[in-house]
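Atoms considered below: every heavy atom in the structure, side chains included; atoms not considered: hydrogens, waters and symmetry mates. Just so you know, residue 1 is the first one in the sequence shown, and it goes up from there.
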Amino acid sequence: MKFFDMCKACEEEYNNPLDRRYHAQPIGCWDCGPTLSLYDKSNNPIQTIQKNMINKVVRLLEDGMIIAMKGVGGYHLICDATNDAAVCTLRKRKQRPSKPFAVMVKDIETANEFAQINAEEKELLLSKERPIVLLKSSTSNACILPLSSHIAPCLTRIGLFLPYTPLHLLLLQKFNRPLVATSANVTDEPICTELKDLKKLHGVYDYVLDHNRDIVNGCDDSVVMVVRGDQVILRRARGYAPVSIKLPFDLPKNTLALGANQKSTIAIGFGKEVILSPHIGDLDSISSVEYYKKNIETLERIYHFKPDMIVHDKHPNYESTKHAKSLISHNSLLTVCDVQHHYAHILGVMAEKQLTGKVLGVAFDGTGYGDDGKLWGGEFFVCDFKSYKRVAYLNYFKLLGGSKAIKEPKRVALSLLFDLYGKEALTLKNPTIDAFSALELKTYFQAWKKNLNSPLSSSVGRLFDAVASLLDVCQVISYEGESGMLLEELYDERVEGYYPFGYSDGEIDILPVIKSMLSEQHINISVSKFFHTLVEIIFTIYQKYNLPLVLSGGVFQNRILLGLVLEKIPEAIISHHIPPNDGGIALGQIAGTYC
């Protein structure tokens with residue numbers, strides 16, 4: 001704000017100890033505060049006087065236009081959330097076929113028209129952090145203009161949030177309808193923070209609503225949900241980060257943790273304190289890696305921090321691991337160590353909750369590099385801050401096509417059918433088999449048989465994908481976690497019981513689950529029993545150990561699964577201040593340096 005010279009009226013208020021403005025920093029004055037600018041899709045300025053700017057933008061939104069609007073952490077892409085054509089156009093242009101859009105509404109009364117909101121959720125919506133809150137859609141007809149069905153296709157939960165800047169408030173008060181407000185970025189790249197960045201999105205937006213207050217550090221909107229009264233943070237960013245977390249021990253050295261590759265965050269640790277960065281995102285592009293490095297530099301600058309130790313994930317091909325090696329190559333005095341991915345998941349929760357004794361940790365996620373070089377993701381550990389022992393895990397299955405299986409659940413399901421029936425699987429009649437051509441089936445059988453590009457995995461996240469394919473919920477996904485969210489929709493709380501599974505010498509055999517599911521007649525029963533089976537697996541192993549139960553990993557973002565586990569085992573421990581996904585890995589990595 002140092003670039004804005006105050007007018008006489010503001011200066012008098014700002015320098016008067018008896019005036020509220022004396023104690024406030026921002027300047028929102030029409031005369032001397034930030035000014036708005038409007039541009040067309042080619043970034044040519046549209047001449048409009050300041051006090052008519054909002055009215056002009058409202059008319060554009062009413063006409064179904066998509067606008068890139070600058071906020072405090074980056075640009076949003078906004079459009080009328082009640083306009084099917086506008087929402088579908090945004091999906092098509094952004095190449096985002098089904099991932100839900102967040103919706104911003106002007107006040108809590110409007111939010112109540114579109115969602116069923118309990119006391120905890122209301123408190124979050126109205127909190128100073130103003131996160132996106134995942135809510136159950138309302139089935140009432142209270143709203144005159146319903147949200148477009150394309151906001152969250154096939155889902156009955158929506159992400160709502162309230163305005164958190166004066167510009168949002170002015171716009172929503174005039175527009176008086178809900179707005180789609182999604183981050184202005186290319187998939188897997190950082191949010192745009194400058195007008196020049198928007199050239200990457202040329203063809204996506206029709207107009208730009210800009211202002212002249214610089215965004216020094218980009219920051220996405222935070223995302224939270226409430227499960228059985230507990231706050232679960234899915235993305236810790238604007239309003240919540242950076243965050244300081246106290247450790248139950250002193251760190252031996254100033255430590256920089258480089259996090260994971262997806263949902264990336266970084267952390268610095270000194271003494272008993274860890275500072276966790278805001279959400280950075282997936283490190284799948286050059287620009288995202290550059291943004292990641294910038295976040296490291298920013299955190300070190302703000303806290304006058306110089307690391308003596310670098311800690312990273314064990315995966316040799318993670319960009320974060322590569323950056324660790326780069327840092328070491330430029331400074332031979334740095335100590336370096338790695339911490340196993342799923343152990344870091346559990347350590348993050350232990351650090352947040354100050355748990356110093358041994359625990360039984362359950363780490364369920366999509367993928368993580370295991371100690372044996374395989375892809376873990378269905379792990380049970382007995383561990384403390386000094387060591388861990390893997391005491392149980394899902395039996396390995398093959399991911400046909402390697403990383404392609406992450407986007408195509410049908411590949412995972414086909415692999416499990418081969419495990420069950422061998423070559424006879426080719427003659428079966430079910431949705432998974434029907435999703436392939438005859439030639440593809442023969443090719444993938446040979447790949448499965450000869451272990452060609454078919455890494456082994458114990459991932460519960462991939463198991464969700466397989467179940468979604470076998471039940472014809474989805475064969476290909478367009479965003480991470482889509483299969484689990486669609487399965488949530490099919491859960492029926494009236495269904496009881498679970499499927500049989502094998503458990504011997506720490507190995508959990510899920511093939512009996514798949515076999516039972518194939519003979520089930522009703523999809524809601526299949527899905528519900530699948531959820532119950534996962535809970536029963538956790539409960540069976542929990543009973544073997546007289547230890548606190550700690551849950552972490554991206555799979556525990558699944559509202560149904562987490563809720564059922566907490567219902568069955570109320571004493572189970574989850575994080576409340578770090579995400580269960582890889583956004584909490586950096587904290588766990590720093591905790592893993594204790595010795």
Side-chain angles (χ1 to χ4, degrees), residues 87-88 91 95-103 115-116 132 134-137 139 147-159 182 187 223 225 227 232 234-235 262 364-367 377 399 404-414 416 430-435 459-495 499 510 513-514 517-518 520-535 553-565 580-581:
V87 177
C88 287
R91 285 203 175 281
Q95 298 180 17
R96 182 169 168 167
S98 55
K99 188 176 181 179
F101 284 135
V103 174
Q116 301 172 33
I132 298 169
L134 301 189
L135 304 163
K136 178 74 172 175
S137 299
T139 55
L147 293 177
S148 167
S149 60
H150 303 286
I151 295 290
C154 304
L155 301 176
T156 57
R157 298 188 78 79
I158 53 173
T182 187
T187 302
V223 183
M225 67 177 179
V227 179
V232 180
L234 306 181
R235 184 166 71 197
Q262 277 69 47
F364 285 178
D365 65 2
T367 187
L399 301 182
K404 287 185 178 180
I406 296 172
K407 293 289 187 181
E408 299 184 23
K410 61 184 181 180
R411 292 174 181 259
V412 187
L414 183 61
L416 289 169
N430 63 46
T432 298
I433 298 298
D434 292 344
S459 165
V460 175
R462 300 288 79 82
L463 180 61
F464 266 89
D465 289 345
V467 169
S469 169
L470 291 166
L471 300 178
D472 206 21
V473 174
C474 61
Q475 303 298 341
V476 176
I477 60 174
S478 63
Y479 62 91
E480 185 183 6
E482 183 174 7
S483 62
M485 292 174 72
L486 292 173
L487 289 175
E488 280 183 352
E489 295 294 320
L490 295 166
Y491 176 77
D492 187 340
E493 61 184 12
R494 296 169 298 181
V495 175
Y499 291 124
I510 44 88
V513 179
I514 303 300
M517 195 174 294
L518 290 171
E520 194 70 71
Q521 298 299 310
H522 301 287
I523 187 171
N524 298 87
I525 294 177
S526 299
V527 171
S528 303
K529 284 190 173 182
F530 170 66
F531 277 111
H532 294 162
T533 303
L534 291 177
V535 175
V555 168
F556 288 111
Q557 293 180 136
N558 188 286
R559 176 181 50 87
I560 297 296
L561 177 61
L562 180 58
L564 289 172
V565 175
N581 59 45

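Interatomic distance, Leu561 CG to Phe530 CZ, rounded to the nearest 0.5 Å: 8.0 Å. For the atom pair CD1 (Ile406) and CZ (Arg411), the distance works out to 11.0 Å, reported to the nearest 0.5 Å. Between atom CG of residue Leu534 and atom CG of residue Leu564 there is a gap of 9.5 Å, rounded to the nearest 0.5 Å. Ile132 CD1 to Met225 CE: the interatomic distance, rounded to the nearest 0.5 Å, is 14.0 Å.
The side-chain contact (heavy atoms from CB on, under 4.5 Å) check on Val476 picks up Glu408, Lys410, with sequence neighbours excluded. By the salt bridge (Lys or Arg N to Asp or Glu O under 4.0 Å) test, Asp472 pairs with no residue at all, sequence neighbours left out. Residues forming a side-chain contact (heavy atoms from CB on, under 4.5 Å) with Lys99 (at least two apart in sequence, or on another chain): Arg96, Tyr479. Every residue was checked against the side chain to side chain donor-acceptor pair (under 3.5 Å) condition with Gln116, not counting sequence neighbours, and none meets it. Ser478 pairs by the side chain to side chain donor-acceptor pair (under 3.5 Å) definition with Ser98, Glu482, not counting sequence neighbours. The side-chain contact (heavy atoms from CB on, under 4.5 Å) search around Ser137 returns Ile158, not counting sequence neighbours. Contacts of Ser526 classified as side chain to side chain donor-acceptor pair (under 3.5 Å), with partners at least two apart in sequence or in another chain: none. Legend: residues meeting ring-ring contact (aromatic ring centres under 6.0 Å, His included) with Tyr491, ordered by chain and number and at least two apart, are Phe531, His532. Judged as a side-chain contact (heavy atoms from CB on, under 4.5 Å), and not counting sequence neighbours, the contacts of Leu470 are Ala413, Leu417, Thr432, Ile514, Leu518. Residues meeting the side chain to side chain donor-acceptor pair (under 3.5 Å) test with Asp492, sequence neighbours left out: Arg494.
Within the 3.5 Å criterion, the main-chain N or O of Gln475 finds no donor-acceptor partner in the side chain of Ser469.
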Distance-only check: which donor-acceptor pairs under 3.5 Å involve side-chain atoms of residues 150-157, not counting sequence neighbours?
| from | atom 1 | to | atom 2 | distance (Å) |
| --- | --- | --- | --- | --- |
| Thr156 | OG1 | Lys136 | NZ | 3.3 |
| Thr156 | OG1 | Glu489 | OE1 | 2.7 |
| Thr156 | OG1 | Glu489 | OE2 | 3.1 |

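Tested against Ser528, the residues Ile523, Val495, Thr533 include a single side chain to side chain contact (heavy atoms under 4.5 Å, CB included) partner, Val495.
Residue pairs that meet the side chain to side chain donor-acceptor pair (under 3.5 Å) test with at least one member in residues 555-565, sequence neighbours left out, are Gln557-Asn581.
Using a 4.5 Å heavy-atom threshold, the side chains of Val513 and Leu463 count as separate.
Taking the six-membered ring for Trp and the full ring otherwise, the centers of Phe556 and Phe364 sit less than 6.0 Å from each other.
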